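Scroll down for the structure; my scribbles are underneath it.
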Number of protein chains: 2
Amino acid sequence: MVHTRNPRLKDVAQEAGISIATASRAMSGSPGVSAQLAQRVRQIAADLGYVANVHARSLAGSPSSVVGLVVHEIGDPYFSEIASGVLSVASTRGLTVQICHSGRDPEAELAQVRTLIANQVGAIIVAGSGFVDPAKEAGVVQSLKRYQEGGGRVAVIGRHSLRADTVQPDNREGGTTIAEHLLGLGHRRIGVVSGSRQLTTVADRLVGIDGALATAGLSLDATPLVEAPFTREGGKQAITELLTVAPDVTAVIGMNDDMAIGVLSVLRSRGVMVPEQISVTGFDDVAVAGDLAPGLTTIRLPMSEMGRQALKLALAPPATRRRSRRAAHELVVRGSTAPPRADSVLRPPA
Amino acid sequence: MVHTRNPRLKDVAQEAGISIATASRAMSGSPGVSAQLAQRVRQIAADLGYVANVHARSLAGSPSSVVGLVVHEIGDPYFSEIASGVLSVASTRGLTVQICHSGRDPEAELAQVRTLIANQVGAIIVAGSGFVDPAKEAGVVQSLKRYQEGGGRVAVIGRHSLRADTVQPDNREGGTTIAEHLLGLGHRRIGVVSGSRQLTTVADRLVGIDGALATAGLSLDATPLVEAPFTREGGKQAITELLTVAPDVTAVIGMNDDMAIGVLSVLRSRGVMVPEQISVTGFDDVAVAGDLAPGLTTIRLPMSEMGRQALKLALAPPATRRRSRRAAHELVVRGSTAPPRADSVLRPPA
DNA sequence: CTGAAAGCGCTTACAG
DNA sequence: CTGAAAGCGCTTACAG
């Protein structure tokens, strides 16, 4: 069998009758090579199908062309949309993306970040909620700090305690908006189907909700809230429990669309009419939210754009101070919310 | 600022009072080092936070620890679920995954595969439909062939013309099953909302549908079919056109869930009752299919498992002949299908 | 069982 | 503008 090895820089140089040093400069566009020669070398390389070995390259000190992306779970639409944004700008810049799962587990997250660093990626993007308890993030904070001191670039999406350029989704403001929407509709007895309050995303959204509630003379403390995994399945569990604990709610806030979809599913199977008997809201506006029946009223976050922004920040020359891009939210009203029924409103709490 | 460089193998060796050759052997578990020494060296490495530089490693000839995954679009649930499966087995094996988009474009796909090869990944997984026209795949076929001759491992999901280990979803059989389901319900006037027939996935599913139709004395040729992009948006376009062309259909087969979701969305906004007036089916069973209202009757394909299988094939020692794993389908009946209304059945074709 | 040395394929001061 | 040479951090025959 003819073994066709990939061509090396040496082959290109030989073909062009020059040294590999010159060939290298010609390929990378470094100064010190006549434009004409450079052009000819590139042509030869192309003809030979030459592609530089990234490992040799980065060993020799070239900036890495791969960026690492840490997500909780790529199967979750929130993250796959972020990933899609990251991939799209990566490909326009000739970059390659390494994706890994943290599974919302601080230890796993740390392990993944370390692997990325060991792989000498040029930039790291960490997406997804952080943890309220700073101790859980100490490891990553530390690793990322070292990495940055060594010239690595970092951008995070929706994290507070990681010192890096940040894309900050409007979690708090969105929480306020969604609660105000329900309050404006006349709801007073609102239930919350929540992910773990240990997650900063959840905590932030709750703060926003609390603010709106307070303005209306209510409070989050007095609001029935059930915690469960921050997933569709968690939404099902939580609503099931909420219905027992607080059967009189006229509206349910899901802390993300996934949970809200779980809520809708349980409500439907129990024959509870949405929004006639209970209004339901989500958060994120994943692609499918508008195609549910009823459509899900939710807070839109520009996930794909957030991914794009994050990579752009990571790729921009490092600034002396941390940059922050706010990802604005938008209330999307669909069929899942309506004013409470008159009898609901008047019915005294159980 | 104290510059804390990552430790090198040299540092570990020094700390242990041995040569780097021995340290290297100890770390990799190569024979020729006493178990005791190896143990001690690993401990020291761990204490120092040493992680081998993958670039140096692979330059020196070590097998690569990164695998490349090519998908059409990571934001599409079909692919994000496959990716999730790939990532999960990768992480248990200490592997890292590079994901890239082909965008259902042969040229882009080729460029991505080339980049992966240039990055010296140890294995490449290509997911997503191929093209009926072999000319469009010639480039990838060629690149992958060379790559494999050089020791690279390849596994594909749902591709025919790529010579490699394959995970083959039941596209044809699933097509037959879904058509039989509708036929069994009594439907005779069935419409198809289809992605491009240039895509092998679409072509395969249609062959299966055709078979079932033929058995029932019908034929695909006589069946109203509209082609559009293989996406939710495409589904909306196609059903809109289908309704004009063939307003008398009692059932619509969406060639994947995404298209079917688009179909349901348009039907709902037009006030067409599903399944009372028109039954609708999908294909894939993405996570959300069960949570729609009505739930989508569809063919379940084990996407995440397919991703897992593909990576396992790629990681297994190469066989002399291509291996193939069939990914079995399963009919999932939900609320979106029902027998046609009596008047529909009796109504003569327009 | 262990070490000295070559080599993987690049890039980049350092000299012309 | 161009080349010879060192060096990036490993692994692996090759000798002990």
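None of the values given here were measured: they were computed from a predicted structure. FYI, side chains are in, hydrogens and waters are out, and symmetry mates aren't considered; it's all heavy atoms of this structure.
Rounding to whole angstrom units, CG of residue Asp11(A) and C1' of dC10(C) are separated by 13 Å. Between Leu9(B) atom CG and dC8(C) atom P there is a gap of 20 Å when expressed in whole angstrom units.
For the residue pair Asn119(A) and Gln98(A), a side-chain donor N or O sits within less than 3.5 Å of a side-chain acceptor on the partner. Between the side chains of Ser304(A) and Ser84(A), no donor-acceptor pair is found at a separation under 3.5 Å.
In terms of the side chain to side chain contact (heavy atoms under 4.5 Å, CB included) criterion, residue partners of Ser34(B) (sequence neighbours excluded) are, by chain and number, Gln36(B), Leu37(B). Residues passing the side chain to side chain contact (heavy atoms under 4.5 Å, CB included) test with Ala83(A), sequence neighbours excluded: Leu69(A), Ile74(A), Ile99(A), Ile74(B). Listed by chain and residue number, Ser30(A) satisfy the side chain to side chain contact (heavy atoms under 4.5 Å, CB included) test with Ser28(A) (two or more places apart in sequence, or in another chain).
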Which pairs, protein N/O on one side and nucleotides 2-6 of chain C N/O on the other, fall under 3.5 Å?
from, atom 1, to, atom 2, distance (Å)
dG3(C), OP2, Ser19(B), N, 3.1
dG3(C), OP2, Ser19(B), OG, 3.0
dG3(C), OP2, Thr22(B), OG1, 2.6
dG3(C), N7, Arg25(B), NH1, 3.3
dG3(C), O6, Arg25(B), NH2, 2.5

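Stem list for DNA chain D (at least 3 consecutive Watson-Crick or G-U pairs, distances under 3.5 Å): C:1-3 with D:14-16, C:5-12 with D:5-12, C:14-16 with D:1-3.
The side chain of Ser24(B) places an N or O atom within less than 4.0 Å of a non-bridging phosphate oxygen (OP1 or OP2) of dT11(D).
Atom name C1', nucleotides dT12(C) and dG16(C): the rounded distance is 16 Å, in whole Å.
At least one side-chain heavy atom of Leu9(A) sits under 4.5 Å from a side-chain heavy atom of Tyr50(A).
Within 6.0 Å of the CZ atom in Arg114(B), the count of heavy atoms belonging to other residues, nucleotides or ligands does not exceed 12.
Annotation: proximity of residues 51-62 of chain A to DNA chain C (heavy atom, distance under 4.0 Å) is found for Asn53(A), Ala56(A), Arg57(A), Leu59(A), Ala60(A), Ser62(A), numbered in ascending order.
Using a 30° and 60° split on the angle between ring planes, His55(B) and His55(A) fall in the tilted class, from 30° to 60°.
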One pair to check against salt bridge (Lys or Arg N to Asp or Glu O under 4.0 Å): Glu137(A) and Lys145(A). What are the steps and the verdict? CA-CA 12 Å; Glu137(A) 297 198 334; Lys145(A) 179 158 167 268; over 6 Å; no
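In summary, Asp165(A) and Arg323(A) engage in a salt bridge, as defined by a charged side-chain N under 4.0 Å from a carboxylate O.
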